[in-house]
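Order of the sequence lines fixes the chain letters, A, B, ..., with proteins taken first and strands second; residue numbering starts at 1 for each chain. In this text, all values refer to a predicted model and were calculated from it rather than measured experimentally.
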Amino acid sequence: MNVLDTLFERGFIEKTTHDEDLRRFLSKGSAPCYIGFDPTASSLHIGSLVPIMSLAHMQRHGHQPIALVGGGTGLVGDPSGKTEMRQLLTEEEVNKNVLGLKKQLSRFINFSGDKALLLNNADWLTKIEYIPFLRDIGRHFSVNRMVKAESYKVRLESEEGLNFIEFNYMLLQAYDFLELCKQNNCRIQMGGSDQWGNIVAGIDLIRRVRQQTAYGITFPLITTSSGVKMGKTAKGAVWLDPERTSPYEYYQYWINTDDRDIARFIALFTFLPMEEVNEVEKLTGADLNSAKGVLAFEATKLAHGNDAAVKAYQGAKSMFGTRMVSKEIFPSSTIPRELETDTSDKSTGDIPCSDFTVAQLKEGIPAFKLFNRVGLSKSGGAARRLIEQGGAYINGRRVEVFDCMINMNDIEDMAILLRAGKKRYHKIVIKK
RNA sequence: GGUGGGGUUCCCGAGUGGUCAAAGGGAACAGACUGUAAAUCUGUCGGCGACGCCUUCGGAGGUUCAAAUCCUCCCCCCACCA
């Protein structure tokens, strides 16, 4: 089966250039293909999963993924992004971020040997000289055409406008593609749908400079059925770095998926076979919820490993009392299905914790202050409201009065379990 | 550089001297209903041990008993012109 078919079937492809040629090209044997990643942060987030997964699929089909970190372009800023211009990064920052990215990408892609490459475009972009660049590269670009590109058009018509440094972004990205074509014989670039213009510019440049055909594939913008861009929560992005978003929170993010998105997301964010994904539409009620558990488990397993996924699953089970997933639902998934041994039902996974000493609790602390202190409420006032509205629980019992004192008597098994609303937990661990 | 229009609480957006912690909507949070879903209904939505006090309306000053609202200077954004 051609990768293209896999990608199509799983919902990765919005459009491609030269449909038939591309298919033939991909079936001729191993082909390098690249996607650019932004090194402005030391961690990737869920929004980058589509590109990551598509590279992983490429690799599984015998092609060579190239993750290109934009150490150079990061200094310029892609205008198809947000209003603010990007922060200039120092070399050390970029290098540090590159390490972080590689670590995360390695979960999905095998970088051993030459099976996949991680490159930094700063290696060539920072060496560019202005006049030669204008003469050799710039002359191939028509401003008339660029202005019509969707990514610029939006900005040109918007209030913020577009400044010159950002206008150049397209040339730099096209140059990247040319460079990778030269160095690594890379002829395929993939990217988000907002990258279409930039990708096509690279293809044109390669044709003009090297008389070679290059190809492009774009991904659809993944939004949730409620219309929000993927990966956004009130608290901000959902990161792949376990230090920023714990596996438990990561798991919770997925389990809160909208019903309408389950099948689509399992196809995109797990490797479970499509025959099983297609069964999802037959599920209803609690079974549908089990499918969500499978999505959460498999996605967590990919990003954080099997152990972390099992832990997150167990935490969720003990907190929410989730039912077992029956064997008929996603038989290929390795989600735990038996009540097996069921080690101490107190395994709370890695829900957020904080430490308190016996001394701190001896005097007691008003409930609303406690909720505020551990971060379950943004302010004392918010904590009071939470309690007054009946949304605060300690060890499973509703807190009735906002300033009721919490002290030694509330300790159960050397811990106090706080809950805000239905889903947010926090465990206080008593030290010595 | 010139002219005109703007900067309001997480976002959009009313408010043009007191009745303004500031309408309305969205987001968010809690409750009910549920399946840790959606939809719906209800409540909350600057801070504070709280029917009171404190701090907010681009920044700094000023007028006034009283300023988001008036005046001065400054910063930033947008449109048109150069």
Asker: Any donor-acceptor pair, under 3.5 Å, between the side chain of A/Asp259 and the base of B/rG35, if you only look at N and O atoms?
Answerer: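 Answer is yes: a donor-acceptor pair is held.
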Asker: Can you find an N or O donor on one side and an acceptor on the other, under 3.5 Å apart, linking the side chain of A/Gln252 with the base of B/rU36?
Answerer: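 Yes.
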Asker: Strictly by Watson-Crick or wobble contacts shorter than 3.5 Å, is anything paired with B/rG1, and which nucleotide is it?
Answerer: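 B/rG1 is paired, partner B/rC81.
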Asker: Within this structure, what is the CD-to-C1' distance between A/Glu388 and B/rC29, rounded to whole angstrom?
Answerer: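 So the CD-C1' distance, A/Glu388 to B/rC29, works out to 14 Å.
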Asker: Establish, with yes or no, whether the OP1 or OP2 oxygen of B/rA37 is under 4.0 angstrom from a side-chain nitrogen or oxygen of A/Thr257.
Answerer: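 No, A/Thr257 has no side-chain N/O under 4.0 Å of OP1/OP2 on B/rA37.
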Asker: Which whole-number value in Å describes the distance from A/Arg398 CZ to B/rA30 P?
Answerer: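 From A/Arg398 CZ to B/rA30 P: 12 Å.
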Asker: Considering every strand and a 4.0 Å limit on heavy-atom distances, what is the contact class for A/Ala382: base, sugar-phosphate, or nothing?
Answerer: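 The answer is nothing, as A/Ala382 stays clear of every strand by at least 4.0 Å.
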Asker: Can A/Glu388 and A/Arg385 be counted as an ion pair, charged N to O under 4.0 angstrom?
Answerer: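 Salt bridge: no.
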Asker: When rounded to the nearest Å, what value does the distance between P atoms of B/rA38 and B/rG6 take?
Answerer: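 Those two atoms are separated by 41 Å.
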Asker: Measuring only the C1' atom in each nucleotide, how far is B/rA30 from B/rC74? A whole number of Å is fine.
Answerer: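 Rounded to whole Å, the distance is 45 Å.
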Asker: I'd like the C1' distance from B/rG7 over to B/rC12, given in whole Å.
Answerer: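 My reading of the C1' atoms in B/rC12 and B/rG7 gives 14 Å.
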Asker: In whole angstrom, give me the gap between the C1' atoms of B/rC10 and B/rU63.
Answerer: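 Those two atoms are separated by 34 Å.
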Asker: Check whether any side-chain N or O of A/Arg384 sits under 4.0 Å from OP1 or OP2 of B/rU44, and answer yes or no.
Answerer: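 So the side chain of A/Arg384 is outside the cut-off, no N or O lying under 4.0 Å from OP1 or OP2 of B/rU44.
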Asker: Mind checking the C1' distance from B/rG58 to B/rC75? Whole angstroms is fine.
Answerer: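 It works out to 8 Å between them.
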Asker: If pairing requires Watson-Crick or G-U wobble contacts with both distances under 3.5 Å, which nucleotide is the partner of B/rC33?
Answerer: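 For B/rC33, the partner nucleotide comes out as none, under the 3.5 Å rule.
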Asker: Go nucleotide by nucleotide along RNA chain B from the 5' end; which of A/Gly380 and A/Gly285 gets its closest nucleotide reached first?
Answerer: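 Looking at RNA chain B, the more 5' nearest nucleotide goes with A/Gly285.
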Asker: Can you tell me how far C1' in B/rU55 sits from the matching atom in B/rA50, rounded to whole Å?
Answerer: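 That atom pair is separated by 15 Å.
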Asker: How long is the line joining CG of A/Asp287 and C1' of B/rU34, in whole Å?
Answerer: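 Whole-Å distance recorded here is 16 Å.
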Asker: With no hydrogens and no angle check, is any side-chain donor or acceptor of A/Arg107 less than 3.5 Å from a backbone partner on A/Ala303?
Answerer: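 Checked: pair present.
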Asker: Suppose you measure atom P in B/rC71 against the same atom in B/rG5; what distance do you get, rounded to whole Å?
Answerer: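 Looking at atom P only, B/rC71 and B/rG5 are 13 Å apart.
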Asker: Taking only the side-chain heavy atoms of A/Arg385 (C-beta and beyond), determine which of B/rU44, B/rU34, B/rG35 contains the nearest atom.
Answerer: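 Among the listed nucleotides, the one closest to the side chain of A/Arg385 is B/rU44.
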Asker: For A/Lys423 and B/rA38, give me the distance from atom NZ to atom C1', rounded to whole Å.
Answerer: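 Rounding to the nearest Å, NZ of A/Lys423 and C1' of B/rA38 are 11 Å apart.
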Asker: Does a distance-only test, which skips hydrogens and angles, find a donor-acceptor pair under 3.5 Å between the side chain of A/Gln389 and the base of B/rG43?
Answerer: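 Side chain to base: pair present.
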Asker: In whole Å, what is the span from the CE atom of A/Met319 to the P atom of B/rG35?
Answerer: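 Nearest whole value for this atom pair: 20 Å.
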Asker: Using both distances under 3.5 Å as the test, list the Watson-Crick or G-U wobble partner of B/rU72, or none.
Answerer: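 By the stated definition (distances under 3.5 Å), B/rA60 pairs with B/rU72.
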Asker: Among B/rG47, B/rC33, B/rG43, which nucleotide sits nearest the side chain of A/Ser379?
Answerer: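 Of the candidates, B/rG47 comes closest.
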Asker: As a test of reading the structure: which of B/rA37, B/rA38, B/rC29 is closest to the side chain of A/Arg424, going by heavy atoms?
Answerer: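 Nearest to the side chain of A/Arg424 among the choices is B/rC29.
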Asker: With respect to the phosphate group of B/rC48, does any side-chain polar atom (N or O) of A/Lys378 fall under 4.0 Å of OP1 or OP2?
Answerer: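 No.
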Asker: Measuring from atom CG of A/Asp261 to atom CD1 of A/Ile222, what distance do you get when rounded to the nearest 0.5 angstrom?
Answerer: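 Result: 9.5 Å between the selected atoms.
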Asker: My understanding is that only one of A/Val280, A/Val325, A/Ile329 makes a side-chain contact (heavy atoms from CB on, under 4.5 Å) with A/Asp287; could you say which?
Answerer: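 That would be A/Ile329; it is the only one of A/Val280, A/Val325, A/Ile329 passing the side-chain contact (heavy atoms from CB on, under 4.5 Å) with A/Asp287.
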Asker: Which nucleotide, B/rG35, B/rA32, B/rU34, lies nearest any side-chain atom of A/Lys422?
Answerer: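 Closest nucleotide to the A/Lys422 side chain: B/rU34.
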Asker: Could you tell me whether A/Asp241 and A/Lys103 make a salt bridge, using a distance below 4.0 angstrom between a side-chain N and a carboxylate O?
Answerer: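 A/Lys103 and A/Asp241: not salt-bridged.
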Asker: Check A/Ile35, A/Ile217, A/Ile109 against A/Met58 for a side-chain contact (heavy atoms from CB on, under 4.5 Å) and give me the one that passes.
Answerer: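 Running side-chain contact (heavy atoms from CB on, under 4.5 Å) over A/Ile35, A/Ile217, A/Ile109 with A/Met58 returns exactly one hit, A/Ile217.
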Asker: In terms of the nearest nucleotide of RNA chain B, which residue is placed more toward the 5' end: A/Leu386 or A/Phe402?
Answerer: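 Upstream on the strand: A/Leu386.
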Asker: Supply the atom-to-atom distance A/Glu279 CD to A/Leu272 CG, rounded to the nearest 0.5 angstrom.
Answerer: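 Here the interatomic distance stands at 13.0 Å.
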Asker: Round to a whole Å and report the spacing from CG of A/Asp261 to P of B/rG35.
Answerer: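 Computing the A/Asp261:CG to B/rG35:P distance gives 20 Å.
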Asker: When rounded to the nearest 0.5 angstrom, what is the spacing between CZ in A/Phe402 and CZ in A/Phe368?
Answerer: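 So the CZ of A/Phe402 and the CZ of A/Phe368 are separated by 5.5 Å.
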Asker: Roughly how many Å apart are B/rC53 and B/rA22, using the P atom of each and rounding to a whole number?
Answerer: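 One P to the other, the span is 14 Å.
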Asker: Once you round it to whole Å, what is the distance between C1' of B/rA30 and CZ of A/Arg419?
Answerer: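 For the pair A/Arg419 CZ and B/rA30 C1', the rounded distance is 12 Å.
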Asker: Do A/Lys317 side-chain and B/rU36 base share a donor-acceptor contact under 3.5 Å?
Answerer: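 No, no donor-acceptor pair under 3.5 Å.
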Asker: Heavy atoms under 4.0 Å, any strand shown: does A/Gly381 hit a base, just sugar-phosphate, or nothing?
Answerer: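 Answer is base: heavy atoms of A/Gly381 come under 4.0 Å of a base.
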Asker: Using Watson-Crick or G-U wobble geometry with both distances below 3.5 Å, tell me the partner of B/rA22, or none.
Answerer: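 Paired with no nucleotide.
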Asker: How many whole angstroms separate atom CD1 of A/Ile387 from atom P of B/rC29?
Answerer: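 From A/Ile387 CD1 to B/rC29 P: 18 Å.
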